[in-house]
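Here is how names work: the chains are called A, B, and so on, in the same order as the sequence lines, proteins then strands, and each is numbered from 1. Predicted model only: the values in this text are computed from it and were never measured.
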There are 2 protein chains.
Amino acid sequence: MTTAISPRELAHPARDEIRLEGVLHALSDPMRLRVVRELAAAGAEVSCSSIELPVTKSTTTHHFRVLRESGVIRQTYRGTAKMNGIRRADLDALFPGLLDTVLSAAGQQAARLGTP
Amino acid sequence: MTTAISPRELAHPARDEIRLEGVLHALSDPMRLRVVRELAAAGAEVSCSSIELPVTKSTTTHHFRVLRESGVIRQTYRGTAKMNGIRRADLDALFPGLLDTVLSAAGQQAARLGTP
DNA sequence: CCACTCGTACGATAACCTTCGTAGTACGGC
DNA sequence: GCCGTACTACGAAGGTTATCGTACGAGTGG
C-alpha cells in the first residue's frame, strides 16, 4: 500500500516533439477541452475517473490518450488509478501564453453561452 | 473597371456564432495555419491566389471555406479575385489575445524547426 | 466576341475521428 | 487466493476530412 508508481510506463512526446498543430487539434474537441479545463481548475493531479464526461469509459480513455500523445497532459499510473496533470511547464516554454489564453477564452465562452 | 464588389455574397458566421472549438480546429491544420500566418503578415486583404500552397486549387478553396465558416477570415469578391482578411476585431473581442498568441507560437515553432 | 484568369462545384477516394460494446489486464483489499 | 475497481485493447460502425481531377461560371482585357 505504498501507493508506489508502477513500473508501467506510458509513451509521452518529449518537449521538442510537441507540435502546435497537434495541441490545437487536441483542444478543438469539446470533450477534451472540458477535460483540460477541469485539470487546470484542479491544479494538481487528477484521476481519470474523477472527471465525469457524458460518454462511455472507453471513449474517455481515447480522449485522454489523444491529450497525452499531443503533449498536453502527462499521465502516470498510481496503483489502480491513473493520474493526469497538465504539462504546463512544457507548454508554457514552447508556446508562451497559449494555454492560459485558451483557458480564459473557454471560460469566457462558457459564461457567454450559459454553460456552468 | 470600377472594380466594384460583386453582388455575390458569402455566408459568414456572426460574431456571437463563432465558437472557440471551431476556431481551434480551423487553426489545427498545417495548411490553414500557414494561410492565417500569411494573412496576418500581409496585414490587409489578400487574394486567394497570392498565397501559394502545395495543394491543388480545389483543396485551397476548401481550406479557405473552412476558415471562413469557422469565423477566422472574411471573404469578399472583388471582380474576378476573392479577397481575404482576418476577422481580427471579432476574434480579439471574443477571445482576447488568442490570435496573437497562436501566431507567435506558430512563428516560434517555425523558427525552431527551421521552416522559413 | 473570344480567350484567359480566378475561383467553384461535384464527384471520388482514402484516411481519420468519435463513439460504442465487449473482453481483458493490473492493482489493492478481504 | 479471490473479488472488485480502474483502466485498456480491440474491433467495428458511422460520420467527417483532406485531397485530387475535371468540368464549370464569373469577370477582365484584347
Side-chain angles (χ1 to χ4, degrees), chain A residues 1-12 19 21-36 39 45-70 72-85, chain B residues 1-12 19 21-36 39 45-70 72-85:
Chain A
M1 58 42 127
T2 36
T3 321
I5 296 175
S6 296
R8 288 175 57 79
E9 283 294 330
L10 289 161
H12 288 80
R19 291 290 171 273
E21 298 89 328
V23 172
L24 293 178
H25 174 245
L27 297 178
S28 71
D29 182 275
M31 294 296 161
R32 293 194 289 262
L33 185 55
R34 185 164 155 177
V35 168
V36 172
L39 286 182
E45 296 200 316
V46 168
S47 78
C48 285
S49 56
S50 62
I51 295 183
E52 294 202 5
L53 295 179
V55 292
T56 64
K57 271 206 286 190
S58 40
T59 305
T60 303
T61 297
H62 160 73
H63 286 308
F64 273 100
R65 178 164 51 187
V66 173
L67 286 171
R68 169 170 48 86
E69 292 180 345
S70 66
V72 176
I73 67 172
R74 185 171 298 278
Q75 297 189 292
T76 44
Y77 282 106
R78 183 89 50 100
T80 162
K82 189 151 88 172
M83 308 306 285
N84 306 274
Chain B
M1 61 39 128
T2 35
T3 320
I5 296 173
S6 296
R8 288 174 59 79
E9 283 294 331
L10 289 161
H12 288 80
R19 292 288 170 275
E21 297 90 326
V23 171
L24 293 178
H25 174 246
L27 297 177
S28 71
D29 182 276
M31 293 297 161
R32 291 194 290 262
L33 186 55
R34 183 164 158 178
V35 167
V36 172
L39 285 183
E45 297 198 316
V46 167
S47 77
C48 287
S49 56
S50 62
I51 295 182
E52 294 202 6
L53 296 179
V55 292
T56 63
K57 272 201 293 185
S58 38
T59 304
T60 303
T61 297
H62 161 71
H63 286 308
F64 273 100
R65 179 165 50 186
V66 173
L67 286 171
R68 170 170 48 87
E69 292 180 346
S70 67
V72 176
I73 66 172
R74 186 172 295 279
Q75 297 189 292
T76 45
Y77 281 106
R78 185 87 49 99
T80 164
K82 189 150 87 171
M83 308 307 285
N84 306 274

Practice problem: Mind running side-chain contact (heavy atoms from CB on, under 4.5 Å) on A:I51 and A:L39 for me, showing each step along the way? | Solution: CA-CA 9 Å; A:I51 295 183; A:L39 286 182; 3.8 Å; yes

Practice problem: State the CG-CD distance between A:L10 and A:E69, to the nearest 0.5 angstrom. | Solution: 10.0 Å

Exercise. Please report, rounded to the nearest Å, how far the P atom of D:dT17 is from the CG atom of A:D29.
Key: 12 Å

Quiz item: So how far is it from B:T60 OG1 to B:E52 CD, rounded to the nearest 0.5 Å?
Solution: 10.0 Å

Exercise. Measure from OH on B:Y77 to P on D:dG25 and round the result to the nearest Å.
Key: 14 Å

Exercise. Starting from P on D:dA9, measure out to CZ on A:F64 and report it in whole angstrom.
Key: 15 Å

Could you run down the sub-3.5 Å N/O contacts of the protein with nucleotides 12-16 of chain C?
none

Quiz item: For A:L27 and A:L33, which heavy atoms make the closest approach, and how far apart are they?
Solution: O-CB, 3.6 Å

Exercise. Measure the distance from CD on A:E21 to C1' on D:dA18 and round it to the nearest whole Å.
Key: 15 Å

Practice problem: Would you please confirm or rule out a distance under 4.0 Å between OP1 or OP2 of C:dA9 and any side-chain N or O of B:H62? | Solution: no

Exercise. State, to 0.1 Å, how close A:G22 and A:S70 come at their nearest heavy-atom pair, and which atoms those are.
Key: O-CB, 3.7 Å

Quiz item: Does any non-hydrogen side-chain atom of A:K57 lie less than 4.5 Å from one of A:S49?
Solution: no

Self-check item: Nucleotide C:dC17, atom P - distance to CZ of A:R65 in whole Å
Solution: 11 Å

Practice problem: Please confirm whether the backbone N or O of B:Q75 pairs with a side-chain atom of B:N84, one donor and one acceptor, at under 3.5 Å? | Solution: no

Self-check item: Any side-chain heavy-atom pair of A:V55 and A:H62 under 4.5 Å
Solution: no

Quiz item: Separation of B:M83 atom CE from C:dG7 atom C1', in whole Å?
Solution: 13 Å

Quiz prompt | D:dT5 OP1/OP2 closer than 4.0 Å to side-chain N/O of A:S49 | solution = no

Quiz item: Pick from A:R68, A:R34, A:R32: which one makes a side-chain hydrogen bond (donor to acceptor under 3.5 Å, both in side chains) with A:H63?
Solution: A:R32

Quiz item: What's the shortest heavy-atom distance between A:M31 and A:P54, and which atoms?
Solution: CE-CG, 3.6 Å

Quiz prompt | side-chain N/O A:R78 vs D:dA6 OP1/OP2, d < 4.0 Å | solution = no

Practice problem: Starting at the 5' end of DNA chain C, write a dot or bracket for each base, bracketing those in Watson-Crick or G-U wobble pairs whose two distances are under 3.5 Å and using | for partners on another strand. | Solution: ||||||||||||||||||||||||||||||

Quiz item: What heavy-atom pair brings B:S50 and B:S47 nearest, and what distance separates the two atoms?
Solution: OG-O, 2.7 Å

Quiz prompt | Shortest non-hydrogen separation from B:S28 to A:H25 and the atoms involved | solution = CB-N, 3.4 Å

Practice problem: Would you indicate what B:T61 reaches in the nucleic acid, counting non-hydrogen atoms under 4.0 angstrom: base, sugar-phosphate, or nothing? | Solution: base

Quiz item: Quick one: which of C:dG7, C:dT19, D:dC7 gets closest to the side chain of A:A81?
Solution: D:dC7

Quiz item: C:dT18 P sits how many Å from A:L33 CG, rounded?
Solution: 13 Å

Practice problem: Residues of residues 52-59 of chain B with any non-hydrogen atom less than 4.0 angstrom from an atom of DNA chain D: list those, numerically ordered, please. | Solution: B:V55, B:T56, B:S58, B:T59

Self-check item: Atom-to-atom span, CD1 of A:I51 to P of D:dC7 - whole angstrom
Solution: 11 Å

Exercise. Could you check A:M31 against A:T80 and say which one's nearest nucleotide on DNA chain C is further toward the 5' end?
Key: A:M31

